Amino acid sequence: MTHNIRREAVVAIGAGKKIAPVLERPDNFSEIFGQLVFNERVQKQRLPPSVFRSLQETIKLGRPIDPAIAETVATIMKDWAIEHGATHYTHWFQPMTGSTAEKHDSFITPTGGGETLSKFSGLELIRGESDASSFPSGGLRATFEARGYTAWDPTSPAFILRHPNGAMLVIPTLFVSWNGEALDKKIPLLRSIKAVGKQAIRILRMFGNKTALRVEAAMGAEQEYFLIDQRLAALRPDLLITGRTLFGARPPKGQELNDNYFGAIPERVLAFMTELEHELVLLGVPVKTRHNEAAPGQFELAPMYEAANLATDHQMLIMQLLKSIAARHGLLCLLHEKPFAGVNGSGKHNNWSLITDEGENLFSPGSDPWTNYQFLLFCTAVLRAVHKYGNLIRTSVCGAGNDQRLGGLEAPPSVISVVLGGTLDKIFEHLASGKFIPGGEISPLDLGLPELPVLARDASDRNRTSPFAFTGNKFEFRAVGASQNPAGSTTILNAVVADSLSYYADHLEKAITMGVDFKTAVQNLIVEEVRLHKDVLFSGDSYSDRWVKEAKKRGLSNLASTADCLPFIDDQETVDLLTRMNVYKESELKSRFGIVAENYITVVRIEANTALEMAGTQILPAALKYKKAIVDIMSTEIQKNVLIKLDHDIDHLIVLIAKLKEAVGKLNGGSLQKKANICRDFILPALQELRTAADDLEEIVNDEDWPLPTYTELLFMR
């Protein structure tokens with residue numbers, strides 16, 4: 001019966017039944033941008049002037065929130081939300097699950113006599129409470145220590161989140177334990193933003209900038225994802241449970257022809273994208289780009305980059321709405337880093353920079369980067385940070401899903417290196433030899449067609465193989481996984497660069513005290529640091545085996561799995577760095593080790609158990625059924641060879657099912673690191689062997705008897 005259900009799904013999709021667009025006519029985006037956000041414009045219109053000024057000082061200058069204004073803000077925020085149809089409010093936070101969490105409370109409070117009152121107090125705005133022991137805490141909260149607080153984050157504006165039957169007021173918050181320890185990803189992020197901003201200001205003051213009050217980390221994460229039809233997904237337990245296909249023979253055609261990348265967007269997908277962008281624009285998310293990605297069924301959405309804290313909230317909203325709106329269109333959105341073998345995985349390229357409150361991008365090279373010492377110093381700080389703390393940067397994006405993606409099919413490798421490209425490569429090559437040599441102008445492109453406009457050439461080409469690339473006025477960290485909260489990687493980038501800037505500021509202050517001319521001190525520091533850290537620079541093909549060998553000679557690590565990354569989460573160097581920068585407490589880092597390790601082990605165990613169930617109850621019975629159907633009709637020797645091959649593959653599948661069960665059994669007892677090593681060394685290899693055997697059977701068994709939608713159907717039927 002199963003194969004009939006699969007056939008019915010395939011036929012229904014092939015018939016091209018239209019799903020009516022939700023939006024009859026999309027609004028003008030410029031007119032509706034941020035309409036559902038309690039942003040500065042709304043605050044200025046509705047709040048008393050003194051309250052507005054006080055709140056803006058907190059948001060823009062980092063001054064402590066005045067509790068006296070909370071009651072007024074809460075009342076006006078509630079009235080605004082109700083006008084937009086909200087019936088409930090929620091403190092929206094980002095626990096260590098990697099996703100978001102919310103508990104809805106009604107504005108309505110009974111007053112007796114059958115009467116009700118819409119109520120939302122300042123205390124309810126500032127603080128909520130959730131069961132901290134029910135979220136991953138890595139030992140910070142025991143079962144009997146349940147209290148955890150959600151604390152209003154006024155730097156990220158509240159917004160209205162709509163659903164088919166109503167709306168609610170969403171208040172971005174932090175999540176903290178009763179002991180004051182961070183239980184979320186936002187508290188360390190905010191600490192890291194403060195740390196890197198403080199050290200950047202120290203450097204700017206030395207360069208004569210006396211007016212900038214703040215330096216903000218900016219971030220914009222490109223989001224890749226797959227869309228498949230829900231009718232097919234419903235027949236794939238692996239997709240429903242793990243988010244990726246644990247089985248599936250490669251289709252005759254994948255992405256070899258490069259015909260999907262930037263191709264025409266399918267009509268059904270475009271309808272989904274239009275509704276998604278409409279909702280995101282209402283929520284003030286600056287979505288900019290949409291297109292087909294390299295793999296069939298893969299797409300990308302890219303927002304403009306903005307303040308890192310707000311950008312993180314927007315990323316979490318994007319992931320939430322991708323899934324919910326896709327479902328309205330009969331689609332399943334896959335955010336797993338490697339949902340399909342043999343084609344591109346999905347990443348979330350983190351475009352990161354530092355920008356002053358006056359709008360100066362500290363990674364903008366200007367018209368003459370050869371003599372822009374401030375720019376060169378900040379770039380050199382990044383080189384030092386990546387070279388010195390490359391293991392920690394790699395660890396910031398570890399996870400079972402991303403392990404599947406890194407190092408294959410346009411995903412960057414696990415070796416963390418930096419590419420500057422073109423002009424900057426030449427500059428830093430000269431700096432390594434102790435020379436500050438001005439360069440020439442960059443010539444425009446010559447197409448041999450004088451009637452066309454002149455096309456300017458960028459200062460560097462793009463290197464898609466590098467995990468950490470300079471892209472004009474920012475760095476693009478390409479190793480972040482599609483399903484990951486970008487707060488984790490941004491926190492570490494901020495912290496390691498803050499460490500470099502702190503070291504440079506100390507060095508320069510000491511040199512100036514000793515009477516060294518500032519310009520000379522800066523030049524000497526840049527040259528010395530480039531010489532020390534030039535080994536992290538690589539502008540060639542980071543996918544090549546040759547680079548892996550060369551990287552090892554240079555002393556660069558290749559942490560291929562999460563099990564390899566775990567020791568760097570709470571080793572002494574990490575603890576010293578992150579506590580010195582006031583980004584984490586030591587207890588918080590110890591807890592992160594437990595959280596990351598448990599997540600990795602649990603995900604791998606779930607994948608293995610799902611594969612065992614599918615292999616035992618779907619794939620093996622299908623193969624045996626097919627054997628029974630053909631055993632009596634195989635008459636010639638050549639035909640009998642097919643039966644022999646089928647028998648061999650069935651026996652092999654049974655042996656590998658037992659092997660995977662044995663590997664999973666090894667997880668009983670031992671430390672978290674030991675269990676993670678078992679996942680890496682035994683379970684995942686056994687899972688891959690079982691997959692290979694099952695995929696071999698898929699290519700033999702009659703298609704009518706195969707129970708699972710195939711790669712051809714999943715990737716190409718829309």
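All of these numbers come straight from a predicted model, not from anything done at the bench.
For the pair N260 and G297, the tightest heavy-atom approach, listed with the atom from each and the gap, is ND2-N, 4.3 Å.
Atom CZ of R214 sits about 8.5 Å away from atom NZ of K60, to the nearest 0.5 Å. A distance of 9.0 Å separates CG in L322 from CE in M273, rounded to the nearest 0.5 Å. Rounding to the nearest 0.5 Å places CD of Q230 at 6.5 Å from CG of L332. Here Q404 contributes atom CD and N402 contributes atom CG; the two are 10.0 Å apart, rounded to the nearest 0.5 Å. To the nearest 0.5 Å, atom CE of residue M717 and atom CG of residue L715 are 12.0 Å apart. Of the inter-residue distances, the one linking R162 atom CZ with M168 atom CE reads 13.0 Å to the nearest 0.5 angstrom.
Within 6.0 Å of CZ on R250 lie no more than 12 heavy atoms contributed by other residues, nucleotides or ligands. At most 12 non-hydrogen atoms from other residues, nucleotides or ligands lie less than 6.0 angstrom from NZ of K44. At most 12 non-hydrogen atoms from other residues, nucleotides or ligands lie less than 6.0 angstrom from NZ of K194.
Counting only heavy atoms from C-beta outward, the side chains of R268 and L227 never approach each other to under 4.5 Å. Two residues are said to be in side-chain contact when any heavy atoms from C-beta on lie closer than 4.5 Å; F428 and L383 meet this criterion. Counting heavy atoms from C-beta on, the side chains of T173 and D153 never come closer than 4.5 Å. Residues N309 and L189 have side chains in contact (heavy-atom distance under 4.5 Å, counting atoms from C-beta outward). Inter-residue side-chain proximity for F470 and V382 is flagged as unmet; no heavy-atom pair is nearer than 4.5 Å. Side-chain contact check for L161 versus T90: every heavy-atom pair is 4.5 Å or farther apart. Side chains of M219 and T312 form a contact here, defined as non-hydrogen atoms less than 4.5 Å apart. Between E476 and V419, the closest side-chain pair of non-hydrogen atoms is not below 4.5 Å.
For E713 (side chain) and T710 (main-chain N/O), a donor-acceptor pair under 3.5 Å exists by modelled atom type. When atom types are taken as modelled, the side chain of Q223 and the backbone of A482 share a donor-acceptor pair closer than 3.5 angstrom. A donor-acceptor pair is defined here as one N or O able to donate and one able to accept, closer than 3.5 Å; no such pair exists between the side chain of S353 and the backbone of K474. Between the side chain of D403 and the main chain of T562, a donor-acceptor pair closer than 3.5 Å is present. Under the 3.5 Å distance criterion, the side-chain polar atoms of R236 are matched with a main-chain donor or acceptor of P709. Judged by distance alone, the side chain of Y711 and the main-chain N or O of A341 form a donor-acceptor pair under 3.5 Å. Here the side chain of T245 pairs a donor or acceptor atom with the backbone of P339 at under 3.5 angstrom. A donor-acceptor pair is defined here as one N or O able to donate and one able to accept, closer than 3.5 Å; such a pair exists between the side chain of Q315 and the backbone of A221. In this structure, the side chain of E337 engages the main chain of S483 through a donor-acceptor pair within 3.5 Å.
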Exercise for the section: Go through the steps for N344 and E293 under the test side chain to side chain donor-acceptor pair (under 3.5 Å), then give the verdict. Expected result: CA-CA 9 Å; N344 271 23; E293 253 300 333; 4.5 Å; no
Exercise for the section: Determine, step by step, whether E224 and R405 satisfy the salt bridge (charged side-chain N to carboxylate O under 4.0 Å, His left out) criterion, reporting the C-alpha distance in whole Å, the side-chain angles of both residues, the deciding distance to 0.1 Å, and the verdict. Expected result: CA-CA 13 Å; E224 295 174 338; R405 163 184 169 256; 5.3 Å; no
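Using cut-offs of 30° and 60° for the angle between ring planes, the F475 and W352 rings count as tilted. Ring orientation note: the planes of F363 and F378 are nearly perpendicular, at an angle over 60° on the 30°/60° scale. Ring geometry, W547 versus F538: the interplanar angle falls under 30°, so the pair is classed parallel (tilted spans 30 to 60°). The aromatic rings of Y225 and F299 sit tilted, their planes meeting at an angle between 30° and 60°.
With respect to the salt-bridge test (charged N to carboxylate O, under 4.0 angstrom), the residues D184 and K186 do not qualify.
Looking at E275 and H329, their side chains do bring a donor and an acceptor atom within 3.5 Å of each other. Side-chain polar atoms of Q56 and Q43 form a donor-acceptor pair below 3.5 angstrom. The closest side-chain donor-acceptor pair between N350 and T490 falls under 3.5 angstrom. Side-chain atoms of T289 and E300 include no donor-acceptor pair closer than 3.5 Å.
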